[in-house]
Amino acid sequence: MRLHLTTFLLFLSATLWAQTPDIESCYKQIDQAIAESPRYVAQREAKITSARHAFEQTTGRQKYEEGYRLYELYRPFVSDSAIWFIRQCIMLAEQLGDQSASVRCRSQLAIRCTNIGMYDEALNILDSIRLPDPIDQDALGMYYEAYNGVYSELSYYTRLADMQKSYLDKAYYYERLMYGKLPPTYEACFLKREQRAQGEGDLKTSMAINDEWLKTVEPGSHPYAMVALYRYIEYKLQGDSTQMMFWLTESVLADIRNAAMDQGSMWELANELMLKGDIDRASHYISYTSDCANRYGSRQRNWQISPLLSQIAKNYKAQSERTTHQLWMTLAAISVLALLLLVALFLVHRRNKQLDTARNTLKTFNDELAEANSQLATQKDELAALNSQLSTLNSQLTESNRVKEEYIGRFMSLCAQYIDKLDNYRKMVNKKMKNKELEDLFRMSKSTELKEKELEELYENFDTVFLHLFPNFIDDFNALLQPEMQIHPKENRLTTDIRIFALIRLGFEDSSKIAEFLHYSVNTIYNYRARIKNGALGNREQFEAKVKTL
């Protein structure tokens, strides 16, 4: 009674948890279980070693029992060894004169042959059995189960319609006989009843059968893997993708943790992941289950896995080609940007030389003017007025040169920084290409984070240089506005409104040029200018002219 209560509580807790399963967490558990699979295999091999020792040390009925135990241990682990030990059990049963045990073991041998695709051998074994009278009912039930299994498989794989019908009729005939001999809680009875209800479209009945079956197995055991696999099929037929993936991963985990090499659930999981586009994980899982199938020695499982392996490889190649193409496009764009930066550096250098020449010419002109001014002392008043005008012009030119020198110096520094950044970016891309981290490159190429960061840095540099050149600009600018329209930005930073008029102060009057620099639309710049001018003290039409003199 206590065992049934514990099983029920475990089932209830699993049911409640599965209402909102975290599938990604299930995948992580599977990855961890695969990493630990050598430990699970070692545990099963330790049990086999112990059973082999007992088998070799005993005789008679006990030797038969130990041999059958070894068959059960090898049954999901290594097909050839399982077949060898069940054949040993047949010989031991014959020696003991236990005909029912002989029928049971021969039936199990036929079932093993069926599971690995040896259908002719399975039929020959079954046809050679002579049923004793009397016979144990469980042995007779297994005999019918074996016939049902081989004819079910033949009906599934044959391409001839008339043969398929014949096989199905025979499978159904032996299925009914099996129900009459085996207990209702026997695994094959649950399995066949659920399959038949699914085939008839009665999903309510098939789910009820699975619920009943689930109560009879221990969570995490090897029989639990089979129940969970068919529960996955139930939810798949119902269209519940979340629950179906949860129960499929439960089946996979049970197989791995019980060191089962004959894995149907892992193959199903790899197929589902491939259909969802998760090629990397599907490839990892199908490779693992392929290794298990090779160790188990099942032709049938390898037939199922081979087409999926081929499809995954094809999808993997297509994905790799797309990523490589995107990477080359990115590298081409970076190369073009680097070339444009080199051209810009050349133009700036040439412009700087022109400014130096103009500065020297202006200095020479000022020297000549001073000499002429000393010689024309008699024309002091007129020359004083002219000198005042020239001084004003000189101050403006000096200020212009100072502004240009400051911005050119900062521009050269930024260009150098951008070249370094581009080179570092190139090195990072090259490194990731070598490491085949194509997914990271693809994600980086889609992101706009780099552009936004660089724009923020550009505006910060502009604000710093401008406030260095015109430290009183914000106060003087607010003095031109009504009190409620005045703007008080954070220290050492300009707001968008002030930044627009800072550009006007530097000579950018065209809204399209300002919009291009600030990455706004022309209409947005026009609205900013109009709103600020509406809050001006005095004549709004003269506001921008006053800003230019600040």
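Bear in mind the structure is a predicted one, so any value in this text is a computation, not a measurement.
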Minimum-distance pair of heavy atoms, taken over all atoms of Met244 and Ser241
CG-O, 3.3 Å
Check whether more than 12 heavy atoms from other residues, nucleotides or ligands sit under 6.0 Å from atom OH of Tyr40, and answer yes or no.
yes
Kindly determine whether Leu467 and Ile474 satisfy side-chain contact (heavy atoms from CB on, under 4.5 Å), including the steps that lead there.
CA-CA 9 Å; Leu467 291 174; Ile474 296 176; 3.9 Å; yes
CD1/Ile233 to CD/Glu268 distance, rounded to the nearest 0.5 angstrom?
6.5 Å
One should read off an interatomic distance between Ile514 CD1 and Tyr526 OH, to the nearest 0.5 angstrom, of 13.5 Å
Apply salt bridge (Lys or Arg N to Asp or Glu O under 4.0 Å) to residues Glu456 and Lys453 and explain how you reach the verdict.
CA-CA 5 Å; Glu456 180 63 21; Lys453 179 180 178 182; over 6 Å; no
Any side-chain donor near an acceptor of the partner, Gln238 and Glu234, under 3.5 Å:
no
Is the side chain of Thr549 donor-acceptor paired with the backbone N or O of Lys546 at a distance under 3.5 Å, no angle test?
yes
Just jot down the ring-ring contact (aromatic ring centres under 6.0 Å, His included) partners of Phe473, sequence neighbours excluded, or say none.
Phe466, Phe477
Least distance between heavy atoms, Val217 atom then Ser221 atom:
CB-OG, 4.5 Å
Answer yes or no: is there a donor N or O on one side and an acceptor on the other, between the side chain of Ser287 and the main chain of Ser283, under 3.5 Å?
yes
Closest non-hydrogen atom pair, Ala254 against Gly220:
CB-O, 4.0 Å
In short, Glu541 meets Asn539 closest at the heavy-atom pair N-OD1, 2.9 Å
Report yes or no: do Asp510 and Ser512 form a side-chain donor-acceptor pair below 3.5 Å?
yes
To the closest 0.5 Å, what do you measure between CG (Leu203) and CG (Leu237)?
5.5 Å
Kindly determine whether Phe501 and Ile504 satisfy side-chain contact (heavy atoms from CB on, under 4.5 Å), including the steps that lead there.
CA-CA 5 Å; Phe501 285 90; Ile504 292 174; 3.7 Å; yes
Ile48 vs Phe77 side-chain heavy atoms within contact, under 4.5 Å
yes
Heavy atoms, side chains only, cut-off 4.5 Å: are Glu218 and Tyr224 in contact?
no
Assess whether side-chain contact (heavy atoms from CB on, under 4.5 Å) is satisfied between Ile532 and Tyr528, documenting all intermediate values.
CA-CA 6 Å; Ile532 295 298; Tyr528 271 112; 5.6 Å; no
Say whether, by atom type as modelled, one donor and one acceptor occur between the side chain of Gln263 and the main chain of Thr289 under 3.5 angstrom.
no
Pairs involving residues 518-531, ordered by first then second residue, that meet salt bridge (Lys or Arg N to Asp or Glu O under 4.0 Å) (sequence neighbours left out)
Asp497-Arg531, Arg529-Glu544
Within the supplied structure, the quantity of interest is the number of heavy atoms (other residues, nucleotides, ligands) at a distance under 6.0 Å from Tyr27 OH; does it exceed 12?
yes
With the side chain counted from C-beta on, respond yes when Ile525 and Leu518 share a heavy-atom pair under 4.5 Å apart, and no when they do not.
yes
Check whether any side-chain heavy atom of Met261 lies under 4.5 Å from a side-chain heavy atom of Pro76, and answer yes or no.
no
Interatomic spacing from OG in Ser265 to CG in Asp255 - rounded to 0.5 Å:
4.0 Å
Would you mind reporting whether Met245 and Lys276 have side-chain heavy atoms less than 4.5 Å apart?
yes
Hey, what do you get for CG (Leu480) to CG (Asp475), rounding to the nearest 0.5 Å?
11.5 Å
Assess the residue pair Glu36 and Arg257 against the criterion (salt bridge (Lys or Arg N to Asp or Glu O under 4.0 Å)); give the C-alpha distance rounded to whole Å, side-chain angles, the decisive distance to 0.1 Å, and a yes or no.
CA-CA 9 Å; Glu36 296 178 2; Arg257 290 168 179 169; over 6 Å; no
Would a distance-only check, ignoring hydrogens and angles, find a side-chain to backbone donor-acceptor pair under 3.5 Å from Asn271 to Trp267?
no
For Glu516, which residues count as a salt bridge (Lys or Arg N to Asp or Glu O under 4.0 Å) partner, sequence neighbours excluded?
none
With a 4.5 Å limit on heavy-atom distance, are the side chains of Arg231 and Trp213 in contact?
no
Any side-chain heavy atom of Tyr288 sitting closer than 4.5 Å to one from Ile256?
yes
With rounding to the nearest 0.5 Å, note down the distance linking OH in Tyr285 to CZ in Arg281.
5.0 Å
Taking the side chain as every heavy atom from C-beta outward, state whether Tyr296 and Cys292 have any pair of such atoms under 4.5 Å apart.
no
Are the side chain of Thr249 and the backbone N or O of Phe246 linked by a donor-acceptor pair below 3.5 Å?
yes
Less than 4.0 Å between a side-chain N and a carboxylate O, is that true for Lys236 and Glu272?
yes
Go through Leu269 and Tyr232 one step at a time and tell me if the side-chain contact (heavy atoms from CB on, under 4.5 Å) criterion holds.
CA-CA 10 Å; Leu269 179 58; Tyr232 145 77; over 6 Å; no
Is it true that a side-chain atom of Thr524 and a backbone atom of Tyr520 form a donor plus acceptor pair closer than 3.5 Å?
no
If every non-hydrogen atom of Ala536 is compared with every non-hydrogen atom of Gln482, which pair is closest and at what distance?
O-NE2, 3.5 Å
Using modelled atom types and a 3.5 Å cut-off, is there a donor and acceptor pairing between side-chain atoms of Asp463 and backbone atoms of Leu494?
yes
Against the six-membered ring of Phe462, is Arg499 placed for a cation-pi contact (under 6.0 Å from the centre, within 45° of the normal)?
no
Given Gln198, Gln195, Glu194, the one that forms side chain to side chain donor-acceptor pair (under 3.5 Å) with Tyr230:
Gln195
